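Here the structure is a predicted model, which means the values were calculated and not measured. Values below: all heavy atoms of this structure, side chains included; hydrogens, waters and symmetry mates excluded.
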Amino acid sequence: MKSFQQCFLLFSLIASLAMPSWSQVVIRPVSMNSPVFNFDQLLQFQLVNSGATPVKGIVQIQVEDNHSNGILQINSLPINLPVGVSMDQQQVQWEGGIQLGENQFARWLAQSGGLPRGQYIYCYRFLEAQSGRTLGNFCQENSSTHFRLPELVYPFHAAVLSNPFPVLSWRPPVPLQGSSLRYNLKLVELLDGQSPLEAINSNLPLLEKYRLSTLSLPYPATGIPLKEDHQYAWQVVAFWNEVEIGKTNIWTFSIEQEEIEEKTSQTESYRLVKQRQKGSPYIFTKALYFAYDNRTFESELNYSIQAKDASAKVSTQLPAIALTPGINEIQLDIDKHMNMEDGQHYVLTIWDRYQVPYYLEFKYLADEEN
């Protein structure tokens with residue numbers, strides 16, 4: 001919303017009803033029956049030149065409360081309206097920003113995009129450009145239902161999750177319900193130095209869904225994997241009969257990879273591969289025991305084993321390993337064909353379906369006595 005001038009023009013419903021019954025220009029809102037007021041609905045109108053001559057004028061829309069306190073006014077740029085021609089809001093350009101009054105309703109409107117419960121007067125006028133004479137007029141008193149904007153529920157703001165496929169959930173705007181409600185959801189990665197708002201507005205979405213009718217959405221297992229130690233931002237936008245009625249706050253969360261239970265504390269422990277190399281290398285002898293969480297449903301492990309020392313030999317003859325969905329605990333027997341050297345440090349690297357790497361650093365000992 002553009003910066004608003006702190007001014008408004010008071011007007012009276014009684015005065016509007018005293019206007020002549022015939023007007024050269026017929027101006028009417030498209031619909032005043034929605035239970036929630038917002039700017040998009042306010043700007044939906046039609047006007048027709050029913051007179052015998054073309055006219056040039058401006059569209060003026062005003063809203064005031066039932067005590068004649070001005071809440072809002074907006075004026076169009078001058079438009080030419082030929083005889084018999086019908087126009088709608090898409091053919092009208094507006095002059096500057098919306099002018100808001102200095103009262104609690106105007107402040108609430110600026111913050112939430114709607115009006116609290118109450119009775120309001122909505123007036124649409126077509127004013128002659130030179131004289132300011134009213135050529136068309138429509139005023140109507142209508143109620144607005146107090147409503148609560150949609151709210152995010154889970155993951156909580158700033159939450160740290162172990163599950164990289166969370167179920168995203170939210171609350172509907174109140175009191176709206178029924179088949180006319182739809183939701184758009186967007187989830188993006190939050191980059192270093194970005195605010196959540198900047199991330200939502202500018203980053204490519206990892207997940208974006210339109211016209212959802214439910215209040216939850218599981219992060220799809222076939223989607224782009226959410227990475228350990230990365231932050232994410234998400235937001236939901238609610239629509240009523242295709243009109244946007246409110247956005248949730250933007251929440252963030254991050255993923256922390258869950259450790260699986262190790263079977264023993266010695267060399268035959270299943271070590272979970274991770275998205276970054278950290279910590280001391282694990283020691284293995286006759287077999288390499290590791291665990292891989294197959295979240296992207298590969299049927300076969302895509303992996304390599306490289307020596308950390310560039311002068312050491314590289315293991316190239318690696319056996320095929322079949323995978324099942326979920327956690328796979330794998331025992332990889334080390335034989336002479338792998339060309340591993342006693343006491344050498346190696347890195348096991350696994351790539352998932354999206355070429356995201358996972359690592360396990362280990363030290364190979366030729367026998368347990370060493």
Side-chain angles (χ1 to χ4, degrees), residues 155 161-168 185 187-189 204-209 214 216-230 232 234 253-264 267-279 281-308 312-340 344-364:
L161 309 180
S162 59
N163 179 14
F165 302 97
V167 177
L168 307 165
L185 182 148
L187 185 150
V188 302
E189 184 174 351
L204 290 175
L206 302 178
L207 176 64
E208 190 166 25
K209 295 292 183 179
T214 61
S216 64
L217 179 71
Y219 191 87
T222 55
I224 300 173
L226 303 181
K227 300 179 181 179
E228 179 186 2
D229 297 329
H230 288 237
Y232 301 93
W234 67 298
F253 66 90
S254 59
I255 301 295
E256 182 178 81
Q257 196 161 27
E258 182 179 16
E259 298 287 350
I260 65 170
E261 182 180 358
E262 296 183 343
K263 291 189 173 181
T264 74
T267 57
E268 293 185 359
S269 299
Y270 287 88
R271 307 290 183 171
L272 185 66
V273 296
K274 299 185 177 181
Q275 291 182 1
R276 61 178 181 176
Q277 300 180 50
K278 58 182 179 180
Y282 298 110
I283 297 175
F284 294 97
T285 55
K286 297 179 181 180
L288 183 62
Y289 295 85
F290 64 94
Y292 171 61
D293 190 355
N294 184 15
R295 301 166 177 168
T296 49
F297 305 102
E298 294 92 39
S299 59
E300 185 174 313
L301 191 69
N302 179 14
Y303 72 109
S304 71
I305 296 177
Q306 301 284 336
K308 290 200 72 175
K313 295 179 181 179
V314 176
S315 302
T316 56
Q317 298 186 39
L318 300 176
I321 299 175
L323 294 176
T324 59
I327 296 289
N328 289 253
E329 294 179 341
I330 299 166
Q331 176 181 329
L332 177 61
D333 294 326
I334 298 174
D335 60 34
K336 63 181 181 179
H337 298 294
M338 295 184 184
N339 298 321
M340 290 192 184
Q344 184 62 251
H345 286 209
Y346 294 88
V347 177
L348 165 70
T349 305
I350 297 173
W351 291 273
D352 69 9
R353 183 186 302 274
Y354 300 97
Q355 297 303 303
V356 175
Y358 296 80
Y359 304 99
L360 177 67
E361 184 176 344
F362 67 96
K363 181 180 180 180
Y364 169 65

Q. Can you find a pair of side-chain heavy atoms, one from Ile334 and one from Tyr346, that are under 4.5 Å apart?
A. no
Q: Could you give me the CA-CA distance, side-chain angles and deciding distance for Leu323 and Ile330, then say whether side-chain contact (heavy atoms from CB on, under 4.5 Å) is met?
A: CA-CA 9 Å; Leu323 294 176; Ile330 299 166; 4.1 Å; yes
**Q.** Residues that Asp352 engages under side-chain hydrogen bond (donor to acceptor under 3.5 Å, both in side chains), provided they are two or more places apart
**A.** none
Q: Would you sort out whether Tyr359 and Leu348 count as a side-chain contact (heavy atoms from CB on, under 4.5 Å), showing the intermediate values?
A: CA-CA 6 Å; Tyr359 304 99; Leu348 165 70; over 6 Å; no
Q) To the nearest 0.5 Å, what is the distance between NZ (Lys286) and CG (Leu332)? A) 15.5 Å
Q: With rounding to the nearest 0.5 Å, note down the distance linking NZ in Lys227 to CG in Leu206.
A: 9.0 Å
(Q) Just to verify, what does Lys209 make a side-chain contact (heavy atoms from CB on, under 4.5 Å) with, not counting sequence neighbours? (A) Leu207, Leu212, Leu217
Q | From CA spacing to verdict: ring pair (Phe, Tyr, Trp, His ring centres under 6.0 Å), Tyr270, Tyr289 | A | CA-CA 5 Å; Tyr270 287 88; Tyr289 295 85; 5.4 Å; yes
Q. Considering residues at least two apart in sequence or located in another chain, which fulfil the side-chain contact (heavy atoms from CB on, under 4.5 Å) criterion with Pro205?
A. Lys186, Val188, Glu208
Q | Short side-chain donor-acceptor distance under 3.5 Å, Asn302 and Glu300 | A | no
Q: For His230, check side-chain hydrogen bond (donor to acceptor under 3.5 Å, both in side chains) against everything at least two apart and list the hits.
A: Glu189
(Q) Please report the interatomic distance CG(Leu168) to OG(Ser216), rounded to the nearest 0.5 Å. (A) 9.0 Å
Q. Given Phe362 and Phe290, is the side-chain contact (heavy atoms from CB on, under 4.5 Å) satisfied, shown in steps?
A. CA-CA 10 Å; Phe362 67 96; Phe290 64 94; over 6 Å; no
Q) Does the side chain of Val273 reach to within under 4.5 Å of the side chain of Asp293, using non-hydrogen atoms? A) no
Q | Distance-minimising heavy-atom pair for Pro155 and Phe253 | A | CG-CD2, 4.0 Å
Q: With sequence neighbours left out, write down each residue that passes ring-ring contact (aromatic ring centres under 6.0 Å, His included) with Tyr292, or none if nothing qualifies.
A: Tyr358
Q: With the side chain counted from C-beta on, respond yes when Ser162 and Ile255 share a heavy-atom pair under 4.5 Å apart, and no when they do not.
A: no
Q. Between Thr349 and Tyr303, does a side-chain contact (heavy atoms from CB on, under 4.5 Å) hold up when you go through it step by step?
A. CA-CA 5 Å; Thr349 305; Tyr303 72 109; over 6 Å; no
Q: Quick one: closest heavy-atom pair of Asn328 and Thr324, and the distance?
A: ND2-O, 2.6 Å
**Q.** Residues forming a side-chain hydrogen bond (donor to acceptor under 3.5 Å, both in side chains) with Ser299, sequence neighbours excluded
**A.** none
(Q) Quick check: closest heavy atoms across Pro164 and Tyr219, and the distance to 0.1 Å? (A) O-CD2, 4.0 Å
**Q.** Least distance between heavy atoms, Phe284 atom then Arg271 atom
**A.** CZ-CG, 3.8 Å
Q. Atom CD1 of Ile327 and atom CG of Leu272: how far apart are they, to the nearest 0.5 Å?
A. 5.5 Å
Q: Find out whether Ile305 and Leu318 are in side-chain contact, i.e. whether some heavy atom of one side chain is under 4.5 Å from a heavy atom of the other.
A: yes
Q: Sequence neighbours left out, what passes side-chain contact (heavy atoms from CB on, under 4.5 Å) with Pro325? Give chain and number order.
A: Phe297
Q) What distance separates Glu256 CD from Leu161 CG, expressed to the nearest 0.5 Å? A) 10.0 Å
Q | From Lys363 atom NZ to Thr285 atom OG1, the distance as rounded to the nearest 0.5 Å | A | 13.0 Å
